[in-house]
Each structure stands twice: as structure tokens, then as C-alpha cells.
Protein chains: 2
Amino acid sequence: MKIGELSHKTDVSARMLRYYEEQGLITVERRENGFREYDDYLVDRVRKIRELLDSGIPTRIIADILPCLNREQLLVTDADPQLRAVLIEQRDKMEQRIAILTHNRDALSRYIDAMDEATTADRPGAPNGR
Amino acid sequence: MKIGELSHKTDVSARMLRYYEEQGLITVERRENGFREYDDYLVDRVRKIRELLDSGIPTRIIADILPCLNREQLLVTDADPQLRAVLIEQRDKMEQRIAILTHNRDALSRYIDAMDEATTADRPGAPNGR
DNA sequence: TCAGACCTTCACACCCGTGTCAGGGTCAAG
DNA sequence: CTTGACCCTGACACGGGTGTGAAGGTCTGA
């Protein structure tokens, strides 16, 4: 498919699709006329890239770990210890982020609950803002 | 304390401490001579700011939610529905990030395990890393 | 054949978090 | 009084992710 279609399917601007290519996150074929030709599997891949980007992982890291993220055929032939170190580092960073986010999500939930209790307790009627 | 001390205690550059102030993340007193005077409680606050920033939350959002993140005395008097909406939105976003990060952390772990199995299976002898 | 939709590259520009440097003030110890 | 450590403001710069616009090529349908 052409860039417009992929853009539409993934909700990612064409600009960004070219950028991801430039950053080595995806590999794209070319038609005779110079147009980019995107394979179908790139739909999922781009979506995953968006997820990771939205979660605060920079492209550089994504490029490193993306090839290792396919739940399906993970036949690991090349056990590069250098890569292993990178993966472990990134996994640990994710772990840390998860902990922090969980902690703060809970704090937010508590606060929201407290707000709700305050309104229902204080005013036995309509939940309104002052 | 002065900015240098806080910087040292939090491992955050003075530049950044001024920046956080500028972004409304912290409120700082001034001495007669114009020097910033930081309260003790700011040590924790700055650390929390770092955590959130490192987890990919932008300053604008941090400014919104930071006042609601104190586990201790959360006496909610002002139940502003506008604020509530913001908090809920942010909590949901955190939830989503947590899900994505968890998913990818697990994928990484699986891959790392696969690497390790590949090496130990292939080469019965030297155990590697961890 | 021409319009319009879609593609190409290149470049400028923005925001955000951060470093760094210049020019200048405060203050305590020698 | 001078030095040195520390502070101030202001500015430039940079990388990352993103938008936008210019100038031009491709293709399809009226």
C-alpha cells in the first residue's frame, strides 16, 4: 500500500511514517516510480511503534528492541551478549517506569475517590461543582 | 537551603531547578539578596518530579496532578469537576502506559530467556550473565 | 489534454527538556 | 581588599518528535 493508506490505517501522519523510516524503525520498499510501498505487516508494526513512543520510549531504543518484541516466532539464533545487556537494561527501565506509574496512578485514584466522597458527604443531593 | 544544596541532594542541575520553578512545578522563596531559598520538603517534591518526568509525563501535566499526589493529608475541600476530569484522564493514560509497558517488558523477558536457553542448550558448559 | 489527488524531497519552524556560557552580584575567609 | 565559591538573569544551542509549506513528479478519470 502507499503511504496515504498506511497513514489512514494507523492514524499516523505521512510525515511521521517517513520519519520512522529515516530512524530505521521500519524498512520500506519502493515502486518503480519512487513511491513508497508498505507491506501489510507494517500496520501492526507502526501501531506498536506509536504505543512505545507514547509510552515515552525514544526511537533509538525502539529500534533496538523492536525486533525482539514479536511474541510469535522468536527463534533466537544469535545470542549476542551485547544485545542481551541492552535488552536487560531496557527491561529494567520499563520495570521502574511501571512501578512509578502504578504508584502515581493509585495516588490519583485515591484523590479522585476522596473528591467524590467529599461531594456526596457534604451535599446530600446533586453532585455539583462550586 | 540554597539552590546548590538542593541540586546536590536531588541530583538535579540548578538549571533544571530554575526551570521547574518557571514551569510552576515548585514555588520558591527568595532571600533578601535575591538568592532562592528552598524549603526542605522540596527535596521530596523535586525527586517526585524527576520520577514523573523520567516516566514520560510532561511538565504541564505534572503541574496539574502534583498537588493531588500526596499520600498523607489528602483533605479534599475543593471538588472542582474540571480538575476531576483532568485527573481521571491522566489516570487512564497512566493505566494505558502501564499496560503497554508491562506487555513489552514481558516480551523482552521472554526474548532474553530464549537467548539464554539457546546458549546453554547449544553450549553445555559456561553459564552466562545473571 | 487537463484537473485533482497523491506522491517525492527539502527545509523551515515549533515545543520541550537540557546544557552551557557570559556578565554580573553576594558573601565569607584570608 | 581581594579571592573564590556560590548565586543571579539572559541567551544561545541542541536533539527529539512533529507540523507545514514549497516545488515538483505520477497517475487516473473526465
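Quick note on labels: first sequence line is chain A, next is B, and so on, each numbered from 1. Side chains are part of it too, since the values below use all heavy atoms of this structure and drop only hydrogens, waters and symmetry mates. Since we're looking at a predicted model, the values are computed, not measured.
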For [X] and [N], what is the distance between atoms [atom1] and [atom2] respectively, to the nearest whole Å?
X	N	atom1	atom2	value
A:Glu37	C:dC6	CD	P	16 Å
A:Leu52	D:dG17	CG	C1'	15 Å
A:His8	C:dA5	NE2	C1'	15 Å
A:Lys2	C:dT8	NZ	P	9 Å
A:Met1	C:dC6	CE	P	16 Å
B:Leu6	D:dC6	CG	P	15 Å
A:Phe35	D:dT26	CZ	C1'	5 Å
B:Glu22	D:dA11	CD	P	12 Å

Pairs under 3.5 Å (N/O, protein and nucleotides 18-22 of chain D):
from: D:dT18; atom 1: OP1; to: A:Arg50; atom 2: NH1; distance (Å): 3.0
from: D:dT18; atom 1: OP1; to: A:Arg50; atom 2: NH2; distance (Å): 3.1
from: D:dT18; atom 1: OP2; to: A:Tyr20; atom 2: OH; distance (Å): 3.3
from: D:dT18; atom 1: OP2; to: A:Arg50; atom 2: NH1; distance (Å): 3.2
from: D:dT18; atom 1: O4; to: A:Arg15; atom 2: NH2; distance (Å): 2.9
from: D:dG19; atom 1: OP2; to: A:Ser13; atom 2: OG; distance (Å): 3.0
from: D:dG19; atom 1: N7; to: A:Arg15; atom 2: NE; distance (Å): 3.4
from: D:dG19; atom 1: O6; to: A:Arg15; atom 2: NH2; distance (Å): 3.1
from: D:dT20; atom 1: O4; to: A:Arg15; atom 2: NE; distance (Å): 3.1

**Study point:** C:dG25 phosphate, OP1 or OP2, under 4.0 Å from B:Asn33 side-chain N/O
**Key:**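 No, outside the criterion.
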**Study point:** B:Arg36 vs C:dT26: side-chain N/O to OP1/OP2 distance below 4.0 Å
**Key:**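 So the side chain of B:Arg36 is outside the cut-off, no N or O lying under 4.0 Å from OP1 or OP2 of C:dT26.
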Contact class for [X] vs. all strands (heavy atom < 4.0 Å): base, sugar-phosphate, or nothing?
X	answer
A:Arg31	nothing
B:Arg60	sugar-phosphate
A:Arg18	base

Please find the pair of heavy atoms, one from [X] and one from [Y], that lie closest to each other, and give the distance.
X	Y	value
B:Val12	B:Ser7	O-OG, 2.7 Å
A:Glu37	A:Val28	O-CG1, 3.6 Å
A:Tyr41	A:Thr27	OH-O, 4.5 Å

Any Lys/Arg nitrogen of [X] or [Y] sitting under 4.0 Å from an Asp/Glu carboxylate oxygen of the other?
X	Y	value
A:Lys9	A:Glu5	yes
B:Lys93	A:Asp54	no
B:Arg84	A:Asp116	yes

Point to revise | Reference residue B:Tyr20; test side chain to side chain donor-acceptor pair (under 3.5 Å); the match among B:Arg15, B:Arg50, B:Arg45 | key: B:Arg50
